[in-house]
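Every chain is numbered from 1, with letters handed out A, B, ... down the list of sequences. The figures here come from the full heavy-atom set of this structure, side chains too, leaving out hydrogens, waters and symmetry mates.
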Number of protein chains: 2
Amino acid sequence: MTLPLGEAIRRAFEQRILSGALKPGVRLPTEQEIMAEFGCSRMTVSKALTALAGAGLIERRKRAGTFVARPRVHSMVLEVPDLAALVAARGQTYRFRLDRRERAVASEGHLAGQPVLHLTGVHFADGTAMAFEDRTVSLAAVPEIAAADLAAEAPGTWLLHHVPWTEADNRITAVATSSAEARLLDVAEGAPCLCVERRTWRGDAPVTSVRQLFVAGSYELLAHFGPGGAA
Amino acid sequence: MTLPLGEAIRRAFEQRILSGALKPGVRLPTEQEIMAEFGCSRMTVSKALTALAGAGLIERRKRAGTFVARPRVHSMVLEVPDLAALVAARGQTYRFRLDRRERAVASEGHLAGQPVLHLTGVHFADGTAMAFEDRTVSLAAVPEIAAADLAAEAPGTWLLHHVPWTEADNRITAVATSSAEARLLDVAEGAPCLCVERRTWRGDAPVTSVRQLFVAGSYELLAHFGPGGAA
DNA sequence: GTGCGTATAATGTCTATACATTATAAAATC
DNA sequence: GATTTTATAATGTATAGACATTATACGCAC
């Protein structure tokens, strides 16, 4: 397990920072000095420091040097799985029931003024209602969806497989179910639900906006922060 | 705005992948071929591909080549702000009321068996209860907290300022308030709350675990996916 | 055919060097 | 003294090459 030199340098400084040996705001050695300490070339040092900067542990300033970053807000990586895949992974049977499908012109939101397909339906896991979904898809951005069989494949899954997006934002809240929603999800009115509202774009063009209501207990969002981010 | 060459290469392939020109599973050109296409050295290509691999867009396999990653789960960047800073940013007055503070030995969870400080309290925005917090802090990992004035600074804020962590995971759910929680938050029993459970580590050492209950409507989590990821 | 070794093509890491960029510090000017 | 200019020290990007590593593919023996 001979660690690559660059990785060794990265870890060495990570260690020094996390142990408190190097405190926030303190300037760390110049790349030249680190080269000398580890007996390697500057590129190797630079790569290690670039990785640490990417992880938010240090801040690099030209001419001034490299400094231990002050602890800021942490950004976590939120996993947003495809519902069909998630349910299948739990060993349950997934089904989506499409309740409504109609063309319209969006009157509000980021799709306002565009011809859209308006879809509502319910996600089931082993026959139990798990989530209610209200989705609007731009027919300008995704004309192919007009011909899609959305009874066979849920709109979210279909979109995932057919339309890559470049940008998305999510709003995650807790809400109480309305009476209509409670009926669809087979829970008591006012029962707590996790609400995810997502809007997506492909470049500048809005693609879809969706509001998903998850029955409490049937679903949880997981987010992670860690070395490399992808770990 | 002359883009650095490596960044130009990164964007070019990001574009080709997101636009669908390069589909999941497809092999992209070898580093040699990309060198030729952009007229640059292999290190530059490699750096660009390493960045894309870090973002999860591609997968690199020795001997085999580089492939467009299959769209697994979408990874969004979740902002986890400090509550005190968040409330202040909304122009409201923040206060934390510490209700309980006691030493114990954790009996469960990732801190099990360790001496810990057990803390509960309520976050207020302009005098209105916003969130209930139940936190356990490892005294082994953070001995300094024994001497901290947690009435002046909420535990989360104190930890953010004093103890960097390297790893964290979060579980986000919706729950109904218990009667005790409802009383503390001044809401009806069973009212929906956004529940965030977070565990953090410094290296291998567990640092803290916390359960925060946010009154519905008082708080929302925001996550974003966009070009660059680090942008 | 089946299994095993070996060649090989691709990525992974590193070096030594060069020049670009830029924020700071020092010097020159007003 | 205040302002502007210039020098400089640090990071930022890139090159061209070298060798390491490793999964695949091919060929050979059985």
Problem set entry | DNA chain C: 5'-proximal contact among A/Arg42 and B/Ser46 (nearest heavy atom) | B/Ser46
For this session: Tell me yes or no: between the side chains of A/Arg198 and A/Thr208, is some donor less than 3.5 Å from an acceptor?
Result: no
Problem set entry | Short side-chain donor-acceptor distance under 3.5 Å, A/Glu133 and A/His123 | yes
For this session: Report the residue from A/Val137, A/Asp149, A/Val142 that forms a side-chain contact (heavy atoms from CB on, under 4.5 Å) with A/Trp158.
Result: A/Val142
Exercise. What nucleic acid atoms does B/Thr66 come within less than 4.0 Å of, heavy atoms only: base, sugar-phosphate, or nothing?
Worked result: sugar-phosphate
For this session: Using modelled atom types only, decide if a donor and an acceptor are shared between the side chain of B/Asp126 and the backbone of B/Thr93 within a distance under 3.5 Å.
Result: yes
Exercise. B/Lys47 has an atom NZ; how far is it from atom P of C/dT13, in whole Å?
Worked result: 14 Å
For this session: Take A/Lys62 and A/Gly6, find for each the nucleotide of DNA chain C with the closest heavy atom, and name the residue whose nucleotide sits nearer the 5' end.
Result: A/Gly6
Problem set entry | A/Asp134/A/Arg211 salt bridge by N-O under 4.0 Å criterion | no
Problem set entry | First of A/Gln32 and B/Gly39 reached from the 5' end of DNA chain D, by closest nucleotide | A/Gln32
Seminar exercise, completed: Rounded to whole Å, the CZ-C1' distance (B/Arg61 to C/dG12) equals 16 Å
Problem set entry | B/Glu7 bridged to B/Arg10 by N-O distance under 4.0 Å | yes
For this session: Would you grab the first and last nucleotide of DNA chain D (5' to 3') that comes under 4.0 Å of any non-hydrogen atom in chain A?
Result: D/dT8 to D/dA14
